[in-house]
Amino acid sequence: FFKADNIQYYKKPPEHLNYFMSVDPAISLKARSDFTGLIVVGVDYWGNWYVLEALAIKVEPSDLIEKIFEMARKYSPLMCMCMEKFALEKVLKHNLIQTMNDREFFIPIKDVETTTRISKEARIRALQPLIEQKKLYLRKEQNDLFTQIIKFPHLKNDDLIDSLKNLLKVVFPSDVK
């Protein structure tokens, strides 16, 4: 569905990016369960997305919260962290807010509404204009995300591309060239 030659690559991201994080938490740590997908993108003035982090990890909720804070500090100021509403409310919201209060370090959170009316596959296909316009930039070592993009929809794991598609609802370009 997505063409490999539409994926762009970068070595060093440009300056003046707006940073956004998306987390697609796995509910289970079992061997066969999904990974938690964590994506951080920087968006430039022209609407190009630079994938700065693409992590597929198996973690306990407390370790995921630590990873979220680590990324929020690394990519500061973070415009927002987004997560599907169900996952946010069921898995992390209470502990995340408590940790923010304890540390006095606040991360803007945006819950992303999902509807069962539109299939997950159709929601991921919404990335097509971004990719076809060659506005998605990866680093060469982000093989897991690259593989999920080019093999979509025939995937065993979709944690990274699923997390990436959530960003469509929250990103906006930098106002600095």
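Position 1 is the first residue of the sequence, and the numbers go up from there.
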Inset, instruction - Look at the side chain of Thr147 and the backbone N and O of Asn143, then say whether any donor-acceptor pair between them is shorter than 3.5 Å. - result: yes
Inset, instruction - Mark yes or no: Arg139 above the aromatic ring of Tyr9, with NZ or CZ under 6.0 Å from the six-membered ring centre and no more than 45 degrees from the axis. - result: no
Legend entry - Check ion pair Glu121-Arg125 (N to O, under 4.0 angstrom): yes
Legend entry - From CZ (Phe1) to NE2 (His154), nearest 0.5 Å: 11.0 Å
Inset, instruction - Treat each ILVMFWY residue as a node, draw an edge where side-chain heavy atoms are under 4.5 Å apart, and state whether Phe2 and Leu155 are in one component. - result: yes
Legend entry - salt bridge (charged side-chain N to carboxylate O under 4.0 Å, His left out) involving Lys120 - partner list, sequence neighbours excluded: Asp158, Asp162
Inset, instruction - Could you check if a side-chain atom of Pro173 sits within less than 4.5 angstrom of a side-chain atom of Asp44, using non-hydrogen atoms only? - result: no
Inset, instruction - For atom CD of Glu15, decide whether the heavy atoms of other residues, nucleotides or ligands shown that lie under 6.0 angstrom number more than 12. - result: no
Inset, instruction - Side-chain contact test, heavy atoms from C-beta onward, threshold under 4.5 Å: evaluate it for Ile149 versus Leu136 and give yes or no. - result: yes
Legend entry - Trp46 backbone acceptor or donor facing Lys135 side chain under 3.5 Å: yes
Legend entry - No-hydrogen, no-angle side-chain donor-acceptor test under 3.5 Å, Asp144 and Gln148: no
Inset, instruction - Decide whether Leu52 and Phe146 are clustered together by the hydrophobic rule: side chain heavy atoms of Ile, Leu, Val, Met, Phe, Trp, Tyr closer than 4.5 Å, transitively. - result: no
Legend entry - Backbone N/O of Val51 and side chain of Gln142: donor-acceptor pair under 3.5 Å: yes
Legend entry - Residue pair Ser163 / Gly37: nearest heavy atoms and the distance that separates them: OG-O, 3.4 Å
Legend entry - Pairwise distance CD(Glu70) to CG(Asp63) - rounded to 0.5 angstrom: 11.0 Å
Legend entry - Step-by-step side chain to side chain contact (heavy atoms under 4.5 Å, CB included) determination, Trp49 to Val171: CA-CA 9 Å; Trp49 291 23; Val171 302; 3.2 Å; yes
Inset, instruction - Can you see which heavy atom on Leu64 is nearest to which on Pro25, and at what distance? - result: CD2-CB, 3.9 Å
Legend entry - Note, Met21 side chain near Leu78 side chain (heavy atom, < 4.5 Å): yes
Legend entry - Within 6.0 Å of CZ in Phe105, more than 12 heavy atoms from elsewhere: yes
Inset, instruction - Step through it carefully: locate the ring centre of Tyr75, locate the ring centre of Phe20, and say whether they are under 6.0 Å apart. - result: no
Legend entry - Heavy-atom pair with the smallest gap, counting every atom of Ala54 and Leu160: C-CD2, 3.9 Å
Legend entry - Note, Lys165 side chain near Ile161 side chain (heavy atom, < 4.5 Å): no
Legend entry - Min side-chain heavy-atom separation Lys58-Thr36 under 4.5 Å: no
Legend entry - Any Phe69 side-chain heavy atom under 4.5 Å of Arg103 side chain: yes
Legend entry - Atom pair OG/CE of Ser22 and Met83 - distance to nearest 0.5 Å: 8.0 Å
Legend entry - Rounded distance [0.5 Å steps], OH in Tyr50 versus CG in Leu17: 7.0 Å
Legend entry - Connected via hydrophobic side-chain network under 4.5 Å: Leu55 and Leu92: yes
Legend entry - side chain to side chain contact (heavy atoms under 4.5 Å, CB included) evaluation trace for Lys93 with Ile109: CA-CA 9 Å; Lys93 191 172 193 173; Ile109 300 172; 5.7 Å; no
Inset, instruction - Using atom types as modelled and distance alone, determine if a side-chain donor or acceptor of Ser174 lies under 3.5 Å from a backbone N or O of Val176. - result: yes
Inset, instruction - Decide side chain to side chain contact (heavy atoms under 4.5 Å, CB included) for Glu53 and Met71; before the verdict, give the C-alpha distance in whole Å, the side-chain angles of both, and the deciding distance to 0.1 Å. - result: CA-CA 9 Å; Glu53 304 284 346; Met71 293 295 118; 3.5 Å; yes
Legend entry - From CZ (Arg73) to CD1 (Ile68), nearest 0.5 Å: 11.5 Å
Legend entry - Sub-4.5 Å side-chain heavy-atom contact between Cys82 and Asp111: no
Inset, instruction - Determine the sole option in Ile7, Asn6, Asn48 for which the side-chain contact (heavy atoms from CB on, under 4.5 Å) test with Lys134 is passed. - result: Asn6
Inset, instruction - Following the transitive rule for hydrophobic clusters with a side-chain heavy-atom cut-off under 4.5 Å over Ile, Leu, Val, Met, Phe, Trp and Tyr, establish whether Val41 and Leu145 coincide in one cluster. - result: yes
Inset, instruction - Hey, could you give me the CZ/CZ distance between Arg123 and Arg117, rounded to the nearest 0.5 Å? - result: 11.0 Å
Legend entry - Transitive ILVMFWY side-chain link Leu138 to Tyr19, under 4.5 Å: no
Legend entry - N-O pairing of Lys169 and Glu113 below 4.0 Å: no
Inset, instruction - Search all heavy atoms of Gly47 against all heavy atoms of Val43 and return the closest pair with its distance. - result: CA-CG1, 3.9 Å
